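A short worksheet on the structure shown next.
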Amino acid sequence: MINITFPDGSVRQYEAGVTPLDIAKSISEGLARNVLSAKVNDKVVELYRPVNEDATVQLLTWNDEEGKDTFWHTSAHLLATALEQLYPGIKFGFGPAIENGFYYDIDFMDYQVSSEDFPKIEKRMMELVQAKTPITRREVSKAEAIDFFTKKGDQYKLERISELNDGEISFYESGTFTDLCRGPHLVDFSPIKAVKLINLAGAYWRGDEHRPQLTRVYAISFPKKKELDEYLVMLEEAKKRDHRKLGKELNLFMFNDIVGKGLPIWLPKGTELRMRLQAFLSKIQKRYGYKQVITPHIGGKQLYVTSGHWDHYGADSFRPITTPEEGEEYLLKPMNCPHHCMIYKNEPRSYKDLPLRLAEFGTVYRYEQSGELHGLTRVRSFTQDDAHIFCRPDQVKDEFIKVMEIIEIIFKALSFENFEAQISLRDPNDTAKYVGSDENWAKAEAAIVEACKEKNLPAKVEYGEAAFYGPKLDFMVKDALGRRWQLGTIQVDYNLPERFELEYIGSDNQKHRPVMIHRAPFGSMERFCAVLIEHTGGKFPLWLTPEQFIILPVSEKYVDDARAMLAKLEDMDLRGIIDERSEKIGRKIRDAELGKYPFMLIMGEKEVGEGTVSVRRQGAGDMGAMTPEAFAKMISEEIEKVL
RNA sequence: GCUGCAGUAGCUCAGCUGGUAGAGCGCAUCCUUGGUAAGGAUGAGGUCACCGGUUCAAAUCCGGUCUGUAGCUCCA
């Protein structure tokens, strides 16, 4: 008998050689039906793999990330099995489970496959499911593996095998399809009740653009048909929140071919929104001791040669601007820090002056590859809510905490709750590729980790992800379609102070080198607004929205009264517009609802007589009549609650 | 940058295998002056992204370019 320990700490005894499926059956019928794979001593395995000695066992279902992984990974094999039957001779790259579904990278050889073929492929997949094709695992020798795929002519699998050692190679067979795979997998295809191919996209073999491009087939599958339907509805809903669509509908921003791709133009309403965000941050920064500065949009090339950016990124950036003056070259500013370094250098600094916090809403220009451009989230001209903190090494942690507080205030005001934080530290095995002393790195890395601990911020630590010039802390959020974008960032920098020979006079009357912290709570105004648009679905919080209300006169007779009311509300620091069209009130309400104005103020004979407005809240309906003063009070109270 | 897909009115889109353009919304004018999610009539508006080719004839077929889009790669 062996002891099996469960995640809750309980222990049961079983015969040696018991399988996870047996264990599930011994617990309950339902569990046995739903279990997908099992985690035995921290390794996920198939349900038929015997357990021969004492172990901890966690039975994995659809509700466990790892259970889903097994499910989708097997679905990828189902896809491959179907594709190989439909397109004999195709070659297979990798086919993993991903965050939402799975994909398989395929070399389709001479076959032309398009999304029109999806139904056919899905149909074949479901036929294989119904056939209850078992999936069997087999350990093979390296020689056997090489032999098999040589015969098959699959150079991709052969390349992968060449990196593996004898004794760690396994094959999985699902009917007609045999794949090199580590597993684990479902026992057979039958739990897969619904599949949907999502799209096709090119993907380089092993992500290398110099290697062949395969066709990546994205798909998703579910244990219940209903879950697939819900997922598809969710996708549709997400598309409605896409900031590119809402930006057009709400007249926030535009692009124009002649102006140039990746160069966003902010329309009046979008500008309102952005200015308000900037004013909000400026106010907080003032409280935290930042000094606002303004620097030019271009800078002498030497500035960026000194900073090192020219060497690093110059070849892939906008070409230098030349002048009639022989040999004179300027760069469109790709970042603000070198300018700020020059401000630091402009006068001698004492340790008493530090930290010096220079802030700028600085517009920068970067030549992003055309395939990378994406709405407002990836553009070639954007404005960073940038600031550089010049401080002593012993001040890093305190400054870090203060920046984290600013980010906290912002995220809270906008109810960004689903963000992820990542601490990027240097690769401990390759410290040579980083600049700065070991001592300073150790100090800064510890400062970041401690700051997160102190602020109770759950952050994932990634080694080797630090920039060459210093460790950093990034804040990431997902957009409507589940893509992850980096917003706020705090980065420690030892490189620029060195390159620009920044100094301060310490209390010991000696010269010392300050540490620089780059930070941008929003990241860029463009990207932040994009995420904000998707987060709110265009229904911005009251304090931010370009128009807080729209006055709807019941008929044209009351337009003059509406104008007087607007003036009165504007005097009370509210903002709104009037719908002066000759339309019936029902129509005006409908349009205002669709236009996402937070409040509709209806004015007719009754209200004009009483000196009130009838308030209707977007999405919630009639709230009754109130005086403009009462309305203003209600709005300001609501705003105070969030800010 | 690479690969797939797409580009028709301000917006969303229809236009089968080639026969010289349509709808809804929006806009303009007029009628209507209305009470909590679409009142009515009339009208304007398009080199069918651009350039070239095939054809008696191209929005439609072919090639190229541009732009968008899905991914890959990159990202200070």
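In this text, all values refer to a predicted model and were calculated from it rather than measured experimentally. All values below were derived from every heavy atom in this structure, side-chain atoms included, with hydrogens, water molecules and symmetry-related copies excluded. Residue numbers start from 1 in every chain, and the chains themselves are labelled A, B, ... in the order their sequence lines are given, proteins ahead of strands.
- For Lys240(A), the salt bridge (Lys or Arg N to Asp or Glu O under 4.0 Å) partners are Glu237(A), not counting sequence neighbours.
- Checking G46(B) for Watson-Crick or G-U wobble geometry (two distances, each under 3.5 Å) identifies no partner in any strand.
- Dense packing is recorded around CZ of Phe318(A), with more than 12 heavy atoms of other residues, nucleotides or ligands lying under 6.0 Å away.
- Residue Arg378(A) places no side-chain N or O under 4.0 Å from the OP1 or OP2 atom of G68(B).
- A 4.5 Å side-chain heavy-atom check between Phe400(A) and Arg519(A) finds every atom pair outside the cut-off.
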So which protein N/O to nucleotides 30-33 of chain B N/O distances come out below 3.5 Å?
unit_1	atom_1	unit_2	atom_2	d
U32(B)	N3	Ser582(A)	OG	3.3
U32(B)	O4	Ser582(A)	OG	2.9
U33(B)	O2	Ser555(A)	OG	3.3
U33(B)	O2	Glu556(A)	N	3.0
U33(B)	O4	Glu556(A)	OE1	3.3
U33(B)	O4	Glu556(A)	OE2	3.3

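- At G68(B), none of the side-chain N or O atoms of His374(A) fall inside 4.0 Å of OP1 or OP2 (strictly under the cut-off).
- Only the P atoms considered, G22(B) is 14 Å distant from G43(B), to the nearest whole Å.
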Within the sub-3.5 Å range, which N or O atoms of nucleotides 24-27 of chain B have a protein N or O partner, and how far apart are they?
unit_1	atom_1	unit_2	atom_2	d
G26(B)	OP1	Arg587(A)	NH2	2.1

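- In Tyr434(A), the OH atom is crowded: over 12 heavy atoms of neighbouring residues, nucleotides or ligands sit closer than 6.0 Å.
- Shown are Tyr87(A), Tyr103(A), Tyr104(A); of these, the ring-ring contact (aromatic ring centres under 6.0 Å, His included) with Phe92(A) is made only by Tyr104(A).
- The side chain to side chain contact (heavy atoms under 4.5 Å, CB included) search around Asn440(A) returns Pro393(A), Ser437(A), Lys443(A), Tyr494(A), not counting sequence neighbours.
- Across all strands shown, nothing is found opposite A38(B) as a Watson-Crick or G-U wobble partner with both distances under 3.5 Å.
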Distance-only donor-acceptor hits, side chain of residues 359-367 of chain A, under 3.5 Å, sequence neighbours excluded:
unit_1	atom_1	unit_2	atom_2	d
Glu360(A)	OE1	Thr295(A)	OG1	2.9
Glu360(A)	OE1	His340(A)	NE2	2.7
Glu360(A)	OE2	Thr295(A)	N	2.7
Glu360(A)	OE2	Thr295(A)	OG1	3.0
Thr363(A)	OG1	Thr383(A)	OG1	2.9
Tyr365(A)	OH	His297(A)	ND1	2.9
Arg366(A)	NE	Pro334(A)	O	2.8
Arg366(A)	NH2	Pro334(A)	O	3.1

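- Nucleic acid contact for Glu249(A): none, since no nucleic acid atom lies under 4.0 Å from a heavy atom of the residue.
- Lys596(A) NZ: more than 12 foreign heavy atoms inside a 6.0 Å radius.
- Rounded to a whole Å, the OH atom of Tyr469(A) is 11 Å from the C1' atom of C75(B).
- Within 4.0 Å (heavy atoms only), Asp622(A) reaches at least one base atom of the nucleic acid.
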Salt bridge (Lys or Arg N to Asp or Glu O under 4.0 Å) between Glu399(A) and Arg357(A), intermediate numbers included: CA-CA 10 Å; Glu399(A) 287 306 306; Arg357(A) 309 181 188 91; 2.9 Å; yes

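- The base of G35(B) lies close enough to the side chain of Glu607(A) for a donor and an acceptor atom to sit less than 3.5 Å apart.
- U54(B) and A59(B) are spaced 16 Å apart, taking the P atom of each and rounding to whole Å.
- Aromatic ring centres of Phe500(A) and Tyr344(A) lie farther apart than the 6.0 Å criterion allows.
- With a 3.5 Å ceiling on both atom-pair distances, the Watson-Crick or G-U wobble partner of G52(B) is C62(B).
- Separating the NZ atom of Lys240(A) from the P atom of U12(B) is a distance of 16 Å, rounded to the nearest angstrom.
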Identify all pairs in which a protein N or O lies below 3.5 Å from an N or O of nucleotides 9-11 of chain B, and state each distance.
none

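- Nucleotide A57(B): unpaired (no Watson-Crick or G-U wobble partner with both distances less than 3.5 Å).
- For Lys269(A), the NZ atom sits in a packed shell: over 12 heavy atoms of surrounding residues, nucleotides or ligands are nearer than 6.0 Å.
- The partner of U3(B), taking Watson-Crick or G-U wobble pairs whose two distances both stay under 3.5 Å, is A70(B).
- Put simply, the side chain of Tyr204(A) and the base of C2(B) share a donor and an acceptor less than 3.5 Å apart.
- Taking both residues in full, the closest heavy atoms of His243(A) and His374(A) are given as CE1-CD2, 4.4 Å, listed atom of the first, atom of the second, then distance.
- The partner of U17(B) is absent, by the rule that a Watson-Crick or G-U pair needs both atom distances under 3.5 Å.
- Note on Arg616(A): every side-chain N or O is 4.0 Å or more away from OP1 and OP2 of G35(B).
- Contacts of Phe255(A) with the nucleic acid, taken as non-hydrogen atoms under 4.0 Å apart, are absent.
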